[in-house]
Amino acid sequence: MNRSLRIFCCAMMGLLMLPLTTQAETWSQEAKRIRKEADVVAARSKSFEILPDCELTEKSVKAGATFKDKGERVIARHAQVRVELPVAKVKGAVIYKYRSRDVDYNGEPAWTGRWKQPWAMGFFNYTVTATYKGNVYVRHFRVSRDGVVSNDPA
């Protein structure tokens, strides 16, 4: 019994002397892992959400989004924010100027610009298109001067 206890203690001392090999993930390793996760192809997610992140002030416009899947923030493989800025009204029809921004491997795409006309007109529209796990998701937003955001403007 004494001999087996001595062997056990020696084995435990040997294990304690081994260096710990736990190493934190470097920035480049993390970026590579995130890109790999974004490139995965999977069935269409019923829980993927495109949430608005927008602002309309007297002098500027911000149109953006954040992405969530199953309540967790995620990175999209590709995203586009397309903004419709109303600049005038001619014979009852609204005239728009269009701006867009394309990004890859992003979780918070946004377009910002200095524009006065949307404030005067009282609103602007934008569309966010995201490619996540091989599927394309689209969501439309209408932002009014009072801060109300509505989905799928007509």
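All residue numbers in this chain count up from 1 along the given sequence.
Here the closest heavy-atom approach between residue Pro118 and residue Leu85 is recorded as CG-CD2, 3.8 Å. Looking at every heavy atom in both residues, Tyr132 comes nearest to Tyr137 through O-CE1, 3.8 Å. Taking both residues in full, the closest heavy atoms of Phe141 and Val128 are given as CE1-CG2, 4.2 Å, listed atom of the first, atom of the second, then distance.
For the atom pair Gln117 CD and Lys89 NZ, the distance stands at 15.0 Å (nearest 0.5 Å). Rounding to the nearest 0.5 Å places OG1 of Thr127 at 5.5 Å from CD of Glu84. Put simply, CZ on Phe124 and CZ on Arg142 are 11.0 Å apart, with the number rounded to the nearest 0.5 Å. To the nearest 0.5 Å, the span separating CZ on Arg145 from CE on Met121 amounts to 10.0 Å. Here the CZ-OG1 distance, from Arg101 to Thr112, works out to 8.0 Å after rounding to the nearest 0.5 Å.
Listed by chain and residue number, Thr26 satisfy the side chain to side chain donor-acceptor pair (under 3.5 Å) test with Ser28 (two or more places apart in sequence, or in another chain).
Hydrophobic cluster membership differs between Trp115 and Phe123, with clusters built from Ile, Leu, Val, Met, Phe, Trp and Tyr side chains linked at under 4.5 angstrom. Under a hydrophobic-cluster definition in which Ile, Leu, Val, Met, Phe, Trp and Tyr are linked whenever side-chain heavy atoms come within less than 4.5 Å, directly or via other members, Val103 and Val136 are assigned to different clusters.
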Donor-acceptor contacts under 3.5 Å from residues 93-100 side chains, at least two apart:
none

Residues 50-63, side-chain donor-acceptor partners within the protein, below 3.5 Å, at least two apart:
from, atom 1, to, atom 2, distance (Å)
Asp53, OD1, Lys62, NZ, 3.4
Asp53, OD2, Lys62, NZ, 3.1
Thr57, OG1, Ser60, N, 3.0
Thr57, OG1, Ser60, O, 3.2
Thr57, OG1, Ser60, OG, 2.8

Might you work through the side-chain hydrogen bond (donor to acceptor under 3.5 Å, both in side chains) test for Arg77 and Tyr105, ending with a clear yes or no?
-> CA-CA 5 Å; Arg77 167 67 181 89; Tyr105 301 111; 3.3 Å; yes
Test side-chain hydrogen bond (donor to acceptor under 3.5 Å, both in side chains) on Asn125 and His140 and set out the steps.
-> CA-CA 7 Å; Asn125 302 320; His140 308 280; over 6 Å; no
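Checking side-chain atoms of Asp102 against main-chain N and O of His78 turns up no donor-acceptor pair under 3.5 Å.
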